[in-house]
Novice: 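Right, I'll just put the structure down here and ask away after.
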Amino acid sequence: MNQQTMQNLTLFDLLARSWRRPSAIADLCFSADGSTVAFTSVDGTLALAAIADQEPPESRIRVSGDLGQTTIRPREKPPVPLIASAGFGDGDAPLAAYLDSSFLVGTATGKAVHLTADGEVAETQIKIEGPIVAIDHSAQTAMTAVSDGRDVFLSSNLGDVTKLESGATSSTDTLAFSPGGRRLACGLGNGLSIWAVEGPASLIRDFAFPARPTSILWSGDGTWLASGLETGGFALINIADGLNGVIAGFPSPVRTVCWSQPANALLASGAFRIAGWSMTAPPLDGESAGALETGRAGLVLVETVAAHPEKKLVAAGYANGRITVAQIGGRDELLVRPLGSGVTALAWSGDGRHLAAGMVDGTAAIITFPAQMFK
């Protein structure tokens with residue numbers, strides 16, 4: 001490899017293992033123990049990648065003795081191939097982390113299947129009429145929730161399935177357990193309902209929004225809930241007192257929101273820069289309250305964001321394939337990938353060492369950062 005080629009390499013080229021799937025990556029999920037990443041595609045298939053790396057960055061770093069300059073050489077071998085599954089449905093299959101290194105996957109036949117890290121599929125007792133369009137699992141309570149797009153069903157320890165008697169007729173295609181697993185939030189038409197699910201399920205409160213929820217994410221301590229909306233921004237709910245509001249003014253739908261515990265901040269996609277707010281001044285009374293200027297504004301929309309679990313950092317993926325890591329509340333950002341296919345999904349591993357990414361062209365990637373990169 002000549003010097004000119006070396007100079008043109010990006011951080012993505014040097015740090016990432018990447019693979020190409022037959023269709024666009026729809027979503028991704030780390031296993032509970034952080035050993036495996038599952039990538040779902042829009043064609044209904046799913047692929048698994050092991051975090052273990054034959055050529056980790058640390059093994060390729062060199063520090064020159066005279067100048068003390070640190071360099072990293074490119075990989076010499078292709079990454080271990082993904083473990084690919086058969087199709088689970090006509091569209092992207094909903095999935096959730098299960099046990100240590102496994103996943104639960106919702107299928108078009110109404111079954112929730114157990115997918116192990118080595119690609120083995122086992123059926124569970126969860127079976128409903130119609131396709132499963134949403135699924136979530138709480139490790140704390142061993143409870144699983146699934147939806148067929150209309151009704152929500154609960155199962156404890158993958159045993160008998162009971163229907164949540166909501167009496168609602170609106171669509172329900174987003175689900176999320178609270179961090180402790182004692183509450184369940186369900187998208188409900190142009191709104192959201194929160195249920196107590198410890199013991200017999202009971203409705204706590206309904207909320208009305210101006211548009212349909214497309215994502216639901218609880219804060220790490222379970223005191224807040226953010227929900228991306230199909231149009232018009234995202235909704236924010238204070239669980240304790242029920243105060244809520246809609247943060248509007250986004251030029252594009254807010255596909256993802258994320259919480260940063262280290263920065264006590266909320267961040268969102270859908271704008272021409274990373275949108276962020278400090279939760280010391282929650283933006284319930286207007287989107288400017290507690291606003292955090294993060295990263296640099298540009299002409300390309302942020303499609304997805306993911307907060308680092310241990311540091312005041314956030315990763316952002318853009319419609320033009322750009323991937324950056326920015327200091328929350330600061331303009332400084334690390335350019336990981338300058339251009340490429342649009343980014344559809346991002347997630348950090350629990351230890352913050354690995355950033356998984358999915359792209360429109362079917363690229364699935366795991367970017368592993370050297371320990372000394374984020375001090």
Side-chain angles (χ1 to χ4, degrees), residues 1 3 5-19 28 30 33-37 49-80 256 258-265 267 273-274 276 292-296 298 302 304-318 321-340 343 345-359 363-375:
M1 183 176 289
Q3 187 174 0
T5 304
M6 285 288 290
Q7 290 176 347
N8 291 336
L9 290 175
T10 68
L11 274 180
F12 186 85
D13 297 323
L14 292 169
L15 302 181
R17 287 170 286 159
S18 63
W19 305 264
L28 60 89
F30 276 89
D33 63 3
S35 66
T36 310
V37 184
I51 289 298
D53 189 355
Q54 292 180 323
E55 292 184 272
E58 286 80 4
S59 71
R60 297 180 282 115
I61 288 176
R62 178 179 176 272
V63 180
S64 62
D66 49 352
L67 299 176
Q69 184 178 12
T70 300
T71 58
I72 181 169
R73 64 170 174 79
R75 295 178 180 275
E76 296 179 348
K77 302 175 183 178
V80 174
T256 58
C258 64
W259 298 94
S260 169
Q261 287 186 277
N264 189 27
L267 303 115
R273 74 181 309 156
I274 302 167
L292 296 170
E293 285 197 3
T294 300
R296 296 171 186 171
V302 177
T304 182
V305 289
H308 193 284
E310 297 180 350
K311 300 182 183 297
K312 297 178 181 180
L313 301 171
V314 59
Y318 291 75
R322 178 183 176 95
I323 297 175
T324 63
V325 178
Q327 189 82 29
I328 295 174
R331 287 176 52 83
D332 290 344
E333 58 184 25
L334 176 71
L335 178 61
V336 178
R337 184 176 187 248
L339 286 171
V343 183
L346 287 176
W348 290 95
S349 60
D351 60 5
R353 286 289 313 283
H354 312 277
L355 179 67
M359 287 73 161
T363 297
I366 301 173
I367 308 160
T368 300
F369 295 96
Q372 60 267 46
M373 181 160 284
F374 302 133
K375 294 181 178 178

Novice: Hey, could you give me the CZ/CD distance between Arg17 and Gln54, rounded to the nearest 0.5 Å?
Specialist: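 Here the rounded value is 9.0 Å.
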
Novice: Does a side-chain N-to-carboxylate-O contact under 4.0 Å join Arg60 and Asp53?
Specialist: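 So Arg60 does not pair with Asp53 through a salt bridge.
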
Novice: For residues Ala316 and Val305, report the shortest heavy-atom separation together with the two atoms involved.
Specialist: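 Looks like CB-CG1, 4.3 Å.
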
Novice: Can you measure from CD1 (Ile51) to OG (Ser35) and round to the nearest 0.5 angstrom?
Specialist: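 Here the interatomic distance stands at 8.0 Å.
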
Novice: Are side-chain heavy atoms of Thr70 and Pro370 found at a separation under 4.5 Å?
Specialist: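 Not touching, per the 4.5 Å side-chain cut-off.
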
Novice: Any donor-acceptor pair under 3.5 Å linking the side chain of Thr10 with the backbone of Phe12?
Specialist: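 Pair found, side chain donor or acceptor close to backbone of Phe12.
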
Novice: Please report the interatomic distance OG(Ser59) to CZ(Arg73), rounded to the nearest 0.5 Å.
Specialist: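 So the OG of Ser59 and the CZ of Arg73 are separated by 5.5 Å.
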
Novice: State, yes or no, whether a side-chain contact exists between Thr324 and Tyr318 at a heavy-atom distance under 4.5 Å.
Specialist: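 Touching, per the 4.5 Å side-chain cut-off.
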
Novice: I want to check something: taking the side chain as every heavy atom from C-beta on, are Ser260 and Val314 in contact at a cut-off of under 4.5 Å?
Specialist: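 Of all side-chain heavy-atom pairs linking Val314 with Ser260, none is under 4.5 Å.
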
Novice: So how far is it from Asp13 CG to Arg75 CZ, rounded to the nearest 0.5 Å?
Specialist: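 Reported to 0.5 Å precision, the distance equals 11.0 Å.
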
Novice: Find the distance between OG (Ser349) and CG (Asp33) and round it off to the nearest 0.5 Å.
Specialist: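 That separation rounds to 11.0 Å.
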
Novice: With side chains defined as the heavy atoms from C-beta onward, is the minimum distance between Leu335 and Leu11 less than 4.5 Å?
Specialist: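 Answer no - side chains too far apart.
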
Novice: My understanding is that only residues two or more places apart in sequence, or in another chain, count here; which of them pass ring-ring contact (aromatic ring centres under 6.0 Å, His included) with Phe369?
Specialist: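 Expected list: Trp348, Phe374.
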
Novice: Is there a donor-acceptor contact under 3.5 Å from the side chain of Thr294 to the main chain of Gly329?
Specialist: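 Looks like yes, one N/O pair under 3.5 Å.
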
Novice: Could you check Leu313 against Ile328 for side-chain contact (heavy atoms from CB on, under 4.5 Å), going step by step and ending with a plain yes or no?
Specialist: CA-CA 5 Å; Leu313 301 171; Ile328 295 174; 5.7 Å; no

Novice: Is it the case that over 12 heavy atoms from other parts of the model lie below 6.0 angstrom from the CD atom of Glu310?
Specialist: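 Result for CD/Glu310: enclosed.
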
Novice: Side-chain contact test, heavy atoms from C-beta onward, threshold under 4.5 Å: evaluate it for Pro74 versus Leu9 and give yes or no.
Specialist: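 Yes. Closest side-chain heavy atoms under 4.5 Å.
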
Novice: Considering only heavy atoms from C-beta outward, does the side chain of His354 approach that of Ile367 to under 4.5 Å?
Specialist: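 Side chain of His354 against side chain of Ile367, heavy atoms only: no contact under 4.5 Å found.
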
Novice: Using every non-hydrogen atom in the two residues, find where Gly358 and Leu28 come nearest and quote the distance to one decimal.
Specialist: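 Residues Gly358 and Leu28, closest heavy atoms: N-CD2, 3.8 Å.
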
Novice: For Ala356 and Val37, which heavy atoms make the closest approach, and how far apart are they?
Specialist: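 Taking every non-hydrogen atom into account, CB-CG1, 4.0 Å.
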
Novice: Are any of the side-chain heavy atoms of Lys312 and Gln327 separated by less than 4.5 Å?
Specialist: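 In contact.
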
Novice: List the atom of Trp19, the atom of Ala49, and the distance in Å for their closest heavy-atom pair.
Specialist: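 Reported closest heavy-atom pair: CH2-CB, 3.9 Å.
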
Novice: Looking at Arg337 and Gly321, would you say the former's side chain and the latter's main chain have a donor-acceptor pair under 3.5 Å?
Specialist: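 Looks like yes, one N/O pair under 3.5 Å.
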
Novice: Closest heavy-atom contact between Thr368 and Pro57?
Specialist: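 Nearest heavy atoms, Thr368 then Pro57: O-CG, 3.3 Å.
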
Novice: So, Arg273 and Glu333, do they make that salt bridge, N to O below 4.0 Å?
Specialist: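 Salt bridge between Arg273 and Glu333, a charged N being under 4.0 Å from a carboxylate O: no.
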
Novice: State, to 0.1 Å, how close Ile366 and Ala50 come at their nearest heavy-atom pair, and which atoms those are.
Specialist: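 It is CD1-O, 4.1 Å.
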
Novice: Does a salt bridge link Glu58 with Arg353, judged by any charged N lying under 4.0 Å from a carboxylate O?
Specialist: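 Answer for the salt bridge query: yes.
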
Novice: Roughly how far apart are Leu355 CG and Ile323 CD1, rounded to 0.5 Å?
Specialist: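 Atom-to-atom, Leu355:CG and Ile323:CD1 are 6.5 Å apart.
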
